[in-house]
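Okay, structure first, notes after.
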Amino acid sequence: MPLKSVTSFALASALLSGMAMAEDATLPKLTVNEELRAKLPEEIKTAGKMISVNNGSFPPYEIVTGTKMEGASADLTDALGQVLGVTIEHATVGGLPALLAGVNSGRYQFAFGPVGDFKSREEANDFVDWVQEFVVFAVHKGNPNGITSLHTACGQRIAVMAGGSAEKVIKVQAEKCKTDGKEAIEVQSFTDQPSSILAVRSKRSDAFFSSQAPLTYFVSQSNGQLELTGVGQKNGFENLYQGAVVPKGSPLGPVLHDGMKVLMDNGTYAAIMKKWGLENNMIKKPGINLGGTLPK
């Protein structure tokens, strides 16, 4: 079976399991906030909709099958659209660079994400941060290669998302391994999460280095084949915030921020995050450009 078909099958299986895992949540009744709607860019108000772009499945936030997206981000954008009085549609592109290019070219109004917020990315974009994240490793059960941190990744085959912050961190560590006289890391970059985790399950990679929330989800769907390591360590990152992405200086950024604040204040955000097992990633209030710096 071709890799793409295997990945699609694995993703479909994860989707069905994830839907069974996510419990129904009682959400507050939402109405249009006319003050916030009035602040939307005129072209969005006229169209009555905007498009949020994603770069493929990022469970349990984004679970993409065909043209349909489910998960915590889908639920939150549905709620956000109700507050802003517009429909939020979803489009998928291949990889984070294509996502950012699509937002900055104006083809898509924003990416709800969550996408990692870093000072280097803030040069071209503004981030409306709505979660805090951690970066860890997913490895085979029993951790046969003893990968517990960045410095124990030397000599290993490490899968990462192409163009993501984890890719940059693991490449820095690969150079450090060589400087320290250790065997280099074989960095394996994939365009989406399912392909990355499939590489570990099929033993073509020794570990997948990525955000803790989706890795927790994938481990729970692995029938005991995988486990997490490196939990509770910084693993090359400062405090890591993730959120929605808009072009630099876009008037949409403050509107999204205030819309998310409404959802946090009225309990919708907490109900949706808990529904998808993301209570450990919640923050008390949204922020704009909270990001830190990556290793040089």
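This structure is a prediction, so every number in the text was calculated from the model and none was measured.
Checked against side-chain hydrogen bond (donor to acceptor under 3.5 Å, both in side chains), Gln82 has no partners two or more places apart in sequence or in another chain. Listed by chain and residue number, Glu186, Gln188, Asp206 satisfy the side-chain contact (heavy atoms from CB on, under 4.5 Å) test with Arg157 (two or more places apart in sequence, or in another chain). Considering only residues two or more places apart in sequence or on other chains, Phe208 meets the ring-ring contact (aromatic ring centres under 6.0 Å, His included) condition with none of them. The salt bridge (charged side-chain N to carboxylate O under 4.0 Å, His left out) test applied to Glu89 returns Lys49, not counting sequence neighbours. Residues satisfying the salt bridge (charged side-chain N to carboxylate O under 4.0 Å, His left out) criterion with Lys274, sequence neighbours excluded, are absent altogether.
Within 6.0 Å of NZ in Lys176 there are 12 or fewer heavy atoms belonging to other residues, nucleotides or ligands. Counting heavy atoms of neighbouring residues, nucleotides and ligands inside a 6.0 Å radius, atom CD of Glu43 exceeds 12 of them. Heavy atoms from other residues, nucleotides or ligands lying under 6.0 Å from CG of Asn223 number 12 at most.
Counting heavy atoms from C-beta on, the side chains of Val135 and Phe209 come closer than 4.5 Å. Here the side chains of Phe112 and Leu80 are in contact, with some heavy-atom distance below 4.5 Å. A 4.5 Å side-chain heavy-atom check between Thr191 and Met161 finds every atom pair outside the cut-off. Side-chain contact check for Ser73 versus Pro114: some heavy-atom pair is nearer than 4.5 Å. Proximity of Phe190 to Ser205: side-chain heavy atoms (C-beta onward) are separated by under 4.5 Å at one or more points. At a threshold of 4.5 Å between non-hydrogen side-chain atoms, the residues Lys182 and Thr152 do not count as touching. Counting heavy atoms from C-beta on, the side chains of His140 and Lys203 come closer than 4.5 Å. Using a 4.5 Å heavy-atom cutoff, the side chains of Val32 and Val83 are not in contact.
Taking CG of Asp265 as the start and NZ of Lys284 as the end, the distance is 13.0 Å to the nearest 0.5 Å. With values rounded to the nearest 0.5 angstrom, Arg204 atom CZ is found 5.5 Å from Leu198 atom CG. Here the OG atom belonging to Ser165 is positioned 3.5 Å from the CZ atom belonging to Phe118, to the nearest 0.5 angstrom. Taken to the nearest 0.5 Å, the CG atom of Leu99 stands 9.5 Å off from the OG1 atom of Thr92. A distance of 10.0 Å separates CD1 in Ile185 from NZ in Lys178, rounded to the nearest 0.5 Å.
The main-chain N or O of Gly230 is found under 3.5 Å from a side-chain atom of Asn235 such that the two form a donor-acceptor pair. Remark: the backbone N or O of Thr148 is paired with a side-chain donor or acceptor of Gln233 at under 3.5 angstrom. Panel note: side chain Asn281, backbone Gln132; a donor-acceptor pair is recorded below 3.5 Å. In this structure, the side chain of Lys285 does not engage the main chain of Lys261 through any donor-acceptor pair within 3.5 Å. Side-chain atoms of Ser250 come within 3.5 Å of backbone N or O of Leu252 as a donor-acceptor pair. The closest donor-acceptor contact from the side chain of Asn145 to the backbone of Ile147 lies at 3.5 Å or more, if one exists at all. Panel note: side chain Tyr241, backbone Asn289; no donor-acceptor pair is recorded below 3.5 Å. Panel note: side chain Ser57, backbone Val64; a donor-acceptor pair is recorded below 3.5 Å.
Leu36 and Val246 fall within a single hydrophobic cluster, where Ile, Leu, Val, Met, Phe, Trp and Tyr are joined by side-chain heavy atoms under 4.5 Å apart, directly or via other members. Cluster annotation: Phe134 is not connected to Val231 through the hydrophobic network of ILVMFWY side chains, with a link wherever side-chain heavy atoms come within less than 4.5 Å. Under a hydrophobic-cluster definition in which Ile, Leu, Val, Met, Phe, Trp and Tyr are linked whenever side-chain heavy atoms come within less than 4.5 Å, directly or via other members, Leu150 and Val160 are assigned to the same cluster. If you chain together hydrophobic residues whose side chains sit under 4.5 Å apart, Leu240 and Val245 never meet in one group. Linking Ile, Leu, Val, Met, Phe, Trp and Tyr whenever their side-chain heavy atoms come within less than 4.5 Å leaves Leu290 and Phe127 in two separate clusters.
Scanning both residues, Glu122 and Gly291, for their nearest heavy atoms gives OE2-N, 3.3 Å. Listed here is the closest heavy atom pair of Leu278 and Ala213: CD2-CB, 3.6 Å. The minimum heavy-atom distance linking Cys154 with Gln173 is given by the pair SG-NE2, 4.0 Å. Nearest heavy-atom pair across Ile288 and Asp129 is C-OD2, 4.4 Å. The minimum heavy-atom distance linking Phe110 with Val103 is given by the pair C-CG2, 3.9 Å. Shortest non-hydrogen contact noted between Thr268 and Ala79 is CG2-CB, 3.8 Å.
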For the pair Lys119 and Arg121, evaluate side-chain contact (heavy atoms from CB on, under 4.5 Å) and give the outcome as yes or no after the intermediate values. CA-CA 5 Å; Lys119 296 303 180 190; Arg121 290 179 180 169; over 6 Å; no
Determine, step by step, whether Val86 and Leu40 satisfy the side-chain contact (heavy atoms from CB on, under 4.5 Å) criterion, reporting the C-alpha distance in whole Å, the side-chain angles of both residues, the deciding distance to 0.1 Å, and the verdict. CA-CA 10 Å; Val86 296; Leu40 284 168; 3.8 Å; yes
Are Ile44 and Leu84 close enough, and set up right, to give a side-chain contact (heavy atoms from CB on, under 4.5 Å), and what steps lead you there? CA-CA 10 Å; Ile44 293 176; Leu84 299 179; over 6 Å; no
Full working for salt bridge (Lys or Arg N to Asp or Glu O under 4.0 Å) between Glu167 and Lys171: CA-CA 6 Å; Glu167 180 187 53; Lys171 285 182 175 179; 3.8 Å; yes
Run Glu62 and Met69 through side-chain contact (heavy atoms from CB on, under 4.5 Å) and show every step you take. CA-CA 6 Å; Glu62 299 170 327; Met69 191 177 88; 3.7 Å; yes
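A ring-centre distance under 6.0 Å is not found for Tyr217 and Trp276.
Applying the salt bridge (Lys or Arg N to Asp or Glu O under 4.0 Å) test to every pair with at least one member in residues 222-250, sequence neighbours left out, gives these pairs: Asp126-Lys248.
Residues Ser52 and Gln109 have side chains that never bring a donor and an acceptor to within less than 3.5 angstrom of each other. A donor-acceptor pair shorter than 3.5 Å cannot be found between the side chains of Asn55 and Asp192.
The pair Glu34-Arg37 does not count as a salt bridge, with every side-chain nitrogen at least 4.0 angstrom from each carboxylate oxygen.
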